[in-house]
Amino acid sequence: MILLYRLSSPALSLVCALSYAALLLGVLYPVLVVVLSALVSFLLLSRLLNWQMRTFQFWHLLGTPMLFLLSSFGLFFLLESAPVKIGLAVAVTFLLFLFVEHVFSFIHLPMKYQPFTLEYLSQLLHVLSVFFLATLGFGLRLFLQAPLWLLSLAFFLVLAFILYGTLWAGKLDALRARPYALAAALLITELFAAISFLPTGFYTNAAFLALGVYVLLGLSRADALHKLSREVLRRYLLLFAVLGAAIALTSQWV
C-alpha cells in the first residue's frame, strides 16, 4: 500500500511535465489542459493525504502545490520565448516533486522527515505563486483592462490562505493566526493595487509585490511567534531595500 503513496511525487511531476508539453506543442486546448491537470493533481494529492478534508493540514498541503502549479500556467501564457517556457516547466516540475516527496515523508514516514522542511518549502512556493499570480493579474490589467477591484478581491483571498498557511506551519494557534493573516493580506492587497499604477512592466510589478510578500511573511511570522527583534527587523528591511533597489534600477520605466 505504501508503494502507491510513494509514487505520488513522480506521478504529480509527470502530470506537470505532460501538461507543459501539451501547452508547448498545442495538442490540446489550454483550458482543457489546466482543468485536467488540476483534477488529476487534486486526486493524487488527496490520496496521498488520506482524504482528511476536515483538517487544515489537508488543505494546506493540498492547496500549496496546486496553487503553485496552476499559477505557473498564468506566467506561461504570458511568456513568448520557448526556451524560457521550457525552463519554467523544468523548475516547476522539480519543485513540485521536491515538495510532494517531503509531504510523503511527513505523512507516511515521519521518522525520515526533516523538521521544518515543509515550512521553508511552503514559503518558497508561496512567494513564487504570488509572483506568478501577480504577473497574470498585472498582465490582465494591462492587456484586457480587467477591473482592479475584482483582481484585488481574488488576490486578497489567495493571500489570506497563503499567510494563514504560513503561520499554521509555524505552529501558531489558529485564533492568533487569523487576525495576522487577514491584516497582512489586506496590506499586501493594498500594495497590489498601488503597484498597478506604477509606470513599469508587469514582470517588474510582480517582482516588487513578491518581494513585499516575502518580507511581510517573515515579519508577520516572527512577530506572531514573539521572535521579532531589532536584528530581525533590520535584516528584513535591509533585504527589502537592496533587492527593491536592484529591481528598480534594472527595470525599464515608461
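All heavy atoms count here, side chains included; hydrogens, waters and symmetry mates do not. These numbers were taken from a predicted model, which means no experiment stands behind them.
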Novice: For the residue pair H102 and K112, establish whether any side-chain heavy-atom pair is separated by less than 4.5 Å.
Specialist: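 They are not in contact (no side-chain heavy atoms under 4.5 Å apart), so the answer is no.
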Novice: Assigning hydrophobic clusters by single linkage (Ile, Leu, Val, Met, Phe, Trp, Tyr; side-chain heavy-atom cutoff under 4.5 Å), is L28 placed with L14?
Specialist: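 No.
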Novice: Side chains of F106 and Q57: closer than 4.5 Å at any heavy-atom pair?
Specialist: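 In short, these two side chains touch, coming nearer than 4.5 Å.
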Novice: Verify the cluster assignment for L144 and L150: are they in a single hydrophobic cluster under the rule of side-chain heavy atoms below 4.5 Å apart?
Specialist: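 As far as the 4.5 Å side-chain criterion goes, L150 and L144 are not connected within one cluster.
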Novice: Out of F132, Y20, F68, which residue meets the ring pair (Phe, Tyr, Trp, His ring centres under 6.0 Å) rule with F73?
Specialist: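 Among F132, Y20, F68, the one that satisfies the ring pair (Phe, Tyr, Trp, His ring centres under 6.0 Å) with F73 is Y20.
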Novice: Decide side-chain contact (heavy atoms from CB on, under 4.5 Å) for H108 and N50; before the verdict, give the C-alpha distance in whole Å, the side-chain angles of both, and the deciding distance to 0.1 Å.
Specialist: CA-CA 10 Å; H108 300 284; N50 294 319; 3.7 Å; yes
Novice: Can you give me the closest heavy-atom contact between L45 and M66, atom names plus distance?
Specialist: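 Looking at all heavy atoms of both residues, the shortest contact is CD1-CG, 3.7 Å.
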Novice: Just verifying a value: how many Å separate H60 NE2 and L49 CG, rounded to the nearest 0.5 Å?
Specialist: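 Output value for this atom pair is 10.5 Å.
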Novice: Can you give me the closest heavy-atom contact between V15 and S41, atom names plus distance?
Specialist: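 What the structure gives for the nearest pair is CG1-OG, 4.1 Å.
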Novice: Provide the closest heavy-atom pair for S13 versus T93 in the form atom of the first, atom of the second, distance.
Specialist: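 Smallest heavy-atom distance, with atoms named: O-CG2, 3.6 Å.
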Novice: Got a second to check how far M111's CE is from S105's OG, nearest 0.5 Å?
Specialist: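 Result: 12.5 Å between the selected atoms.
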Novice: Count the heavy atoms of every other residue, nucleotide or ligand shown that sit under 6.0 Å from CH2 of W51, and state whether that count exceeds 12.
Specialist: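 Count over threshold, so yes.
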Novice: Is there a side-chain contact between L159 and V130, using heavy atoms and a 4.5 Å cut-off?
Specialist: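 In short, these two side chains touch, coming nearer than 4.5 Å.
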Novice: For F56, look at atom CZ and say whether over 12 heavy atoms of other residues, nucleotides or ligands are found less than 6.0 Å away.
Specialist: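 Buried by this count: over 12 neighbours within 6.0 Å.
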Novice: Check this for me: Y29, atom OH, are more than 12 non-hydrogen atoms of other residues, nucleotides or ligands nearer than 6.0 Å?
Specialist: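 Atom OH in Y29 is not crowded, with 12 or fewer foreign heavy atoms closer than 6.0 Å.
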Novice: Is the side chain of Y113 donor-acceptor paired with the backbone N or O of L118 at a distance under 3.5 Å, no angle test?
Specialist: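 Here the side-chain-to-backbone pair exists.
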Novice: What distance separates L67 CG from L125 CG, expressed to the nearest 0.5 Å?
Specialist: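 Result: 8.5 Å between the selected atoms.
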Novice: How about Y214 and L243: do any of their side-chain heavy atoms sit closer than 4.5 Å?
Specialist: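 No. Closest side-chain heavy atoms not under 4.5 Å.
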Novice: Distance from T64 atom OG1 to I162 atom CD1, nearest 0.5 Å?
Specialist: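 T64 OG1 to I162 CD1: 8.0 Å, rounded to 0.5 Å.
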Novice: Within this structure, what is the CZ-CG distance for the pair F42 and L12, rounded to the nearest 0.5 Å?
Specialist: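 If we round to the nearest 0.5 Å, F42:CZ and L12:CG are 13.0 Å apart.
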Novice: State, yes or no, whether a side-chain contact exists between S71 and L128 at a heavy-atom distance under 4.5 Å.
Specialist: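 Contact flag for S71/L128 side chains = no.
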Novice: Between the main-chain N or O of Q114 and the side-chain N or O of T117, is there a donor-acceptor pair closer than 3.5 Å?
Specialist: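 Yes, the answer is positive, given that a donor and an acceptor are paired below the 3.5 Å cut-off.
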Novice: Which heavy atom in A146 sits nearest to a heavy atom in L151, and how many Å separate them?
Specialist: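 So the two residues come closest at CB-CD1, 4.0 Å.
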Novice: Indicate, with yes or no, if L23 and L78 share a hydrophobic cluster defined by side-chain heavy-atom contacts under 4.5 Å among Ile, Leu, Val, Met, Phe, Trp and Tyr.
Specialist: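 Per the 4.5 Å side-chain linkage, L78 and L23 are co-clustered.
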Novice: By the ring pair (Phe, Tyr, Trp, His ring centres under 6.0 Å) test, which pairs, at least two apart or in different chains, include something from residues 181-206?
Specialist: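 For residues 181-206, and leaving out neighbouring residues, the ring pair (Phe, Tyr, Trp, His ring centres under 6.0 Å) pairs sorted by first residue read F138-F192, F143-F202, F155-F192.
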Novice: Mind checking what makes side chain to side chain contact (heavy atoms under 4.5 Å, CB included) contact with F240, not counting sequence neighbours?
Specialist: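 Side chain to side chain contact (heavy atoms under 4.5 Å, CB included) list for F240, sorted by chain: L211, V215.
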Novice: May I have the step-by-step check of side-chain contact (heavy atoms from CB on, under 4.5 Å) for S8 and L44, ending in yes or no?
Specialist: CA-CA 6 Å; S8 298; L44 287 173; 5.6 Å; no
Novice: Are V34 and L18 connected into the same hydrophobic cluster when the rule is that any two of I, L, V, M, F, W, Y join if their side-chain heavy atoms are below 4.5 Å apart?
Specialist: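 No.
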Novice: Rounded to the nearest 0.5 Å, how far apart are CG of L61 and CH2 of W59?
Specialist: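 Rounded to the nearest 0.5 Å, the CG-CH2 separation comes out at 12.0 Å.
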Novice: Would you indicate whether the side-chain heavy atoms of L48 and I107 approach each other to under 4.5 Å?
Specialist: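 They are not in side-chain contact.
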Novice: Can you give me the closest heavy-atom contact between F99 and P65, atom names plus distance?
Specialist: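 Here F99 and P65 meet closest at CE2-CD, 3.6 Å.
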Novice: Give the minimum heavy-atom separation between A160 and L182, together with the two atoms involved.
Specialist: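 Looks like CB-CD2, 4.5 Å.
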Novice: Would you check if F58 and S46 make a side-chain contact, meaning some heavy-atom pair closer than 4.5 Å?
Specialist: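 Touching, per the 4.5 Å side-chain cut-off.
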Novice: Is S196 reaching over with its side chain to a backbone N or O of A193, donor-acceptor style, under 3.5 angstrom?
Specialist: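 Side chain of S196 to backbone of A193, a donor-acceptor pair under 3.5 Å: yes, one is there.
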Novice: Verify the cluster assignment for V31 and L140: are they in a single hydrophobic cluster under the rule of side-chain heavy atoms below 4.5 Å apart?
Specialist: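 Each belongs to a different hydrophobic cluster.
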